[in-house]
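Contents: one structure, followed by commentary.
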Amino acid sequence: ERKGIRLFSLSRMKNAAPTEEHFSLAKDYDYRVSSGDSHFGVFAGQQKTRFLVEFYDESIAWVRERLWAEDQKITETGDSALMEFTSTQFDKVLEWVLSRGCTARPLEPAGLVKAWRGHIRELAKMAGRRAPKR
């Protein structure tokens, strides 16, 4: 219908029903091409970006546990691990780093560092607020 690739989240679908219609993916279809060879979710952008993130404490083991990007390189220093990789999934990488709290810190690119700091500032403001009454 739209003459292009569409990605859908099964958990967001409502009123799905089977039909007699069938489709086949092209033999050369590879999702990783649109995701920049990274594995952060279904959201993909157009621009491939190089990322550098430093991990601490329990996040060192967590980041080692799986393949996050085809070109990832993890370098362990004394008390941290640096992970370098490329991805087209900027927003998902930001969400991923934020999910690690104080055990992950982005170093590059500058846009990621800026976005991360903005989220931290907003969290700090929220932390200073009174909890809402329930």
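- Judged by the 6.0 Å and 45° rule, Arg100 forms no cation-pi pair with Trp96.
- Clustering ILVMFWY residues whenever any of their side-chain heavy atoms sit less than 4.5 angstrom apart, transitively, puts Ile120 in the very cluster that holds Leu112.
- Taking every heavy atom of both residues into account, Leu82 and Leu107 meet most closely at CD2-CD1, 3.7 Å.
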**OP:** Could you please spell out the steps behind the side-chain contact (heavy atoms from CB on, under 4.5 Å) verdict for Thr103 and Phe55?
**Re:** CA-CA 6 Å; Thr103 63; Phe55 294 92; 5.8 Å; no
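- Nearest heavy atom pair, residue Val97 against residue Pro106, reads CG1-CD, 3.7 Å.
- The distance from the CZ atom of Arg64 to the CE atom of Met83 is 12.5 Å, given to the nearest 0.5 Å.
- By the rule that hydrophobic residues join a cluster once side-chain heavy atoms approach within less than 4.5 Å of another member, Val53 and Ile74 end up as members of one cluster.
- Shortest non-hydrogen contact noted between His119 and Leu98 is CG-CD1, 3.7 Å.
- The CZ atom of Arg105 lies 8.5 Å from the CZ atom of Arg117; values are rounded to the nearest 0.5 Å.
- Here the CG atom belonging to Asp91 is positioned 10.0 Å from the CD atom belonging to Gln89, to the nearest 0.5 angstrom.
- Residues Pro109 and Phe51 come closest through the heavy atom pair CD-CD2, 3.5 Å.
- Minimum interatomic distance between Cys102 and Tyr56 (heavy atoms only, all atoms of both residues): O-CD1, 4.3 Å.
- Here the shortest heavy-atom pairing between Thr86 and Arg50 reads CG2-CA, 3.9 Å.
- Val113 and Phe90 fall into different hydrophobic clusters, where Ile, Leu, Val, Met, Phe, Trp and Tyr are joined by side-chain heavy atoms under 4.5 Å apart, directly or via other members.
- A salt bridge between Glu84 and Lys73 is absent, with no side-chain N of the basic residue lying under 4.0 Å from a carboxylate O of the acidic one.
- A distance of 9.5 Å separates OG of Ser99 from NZ of Lys92, quoted to the nearest 0.5 Å.
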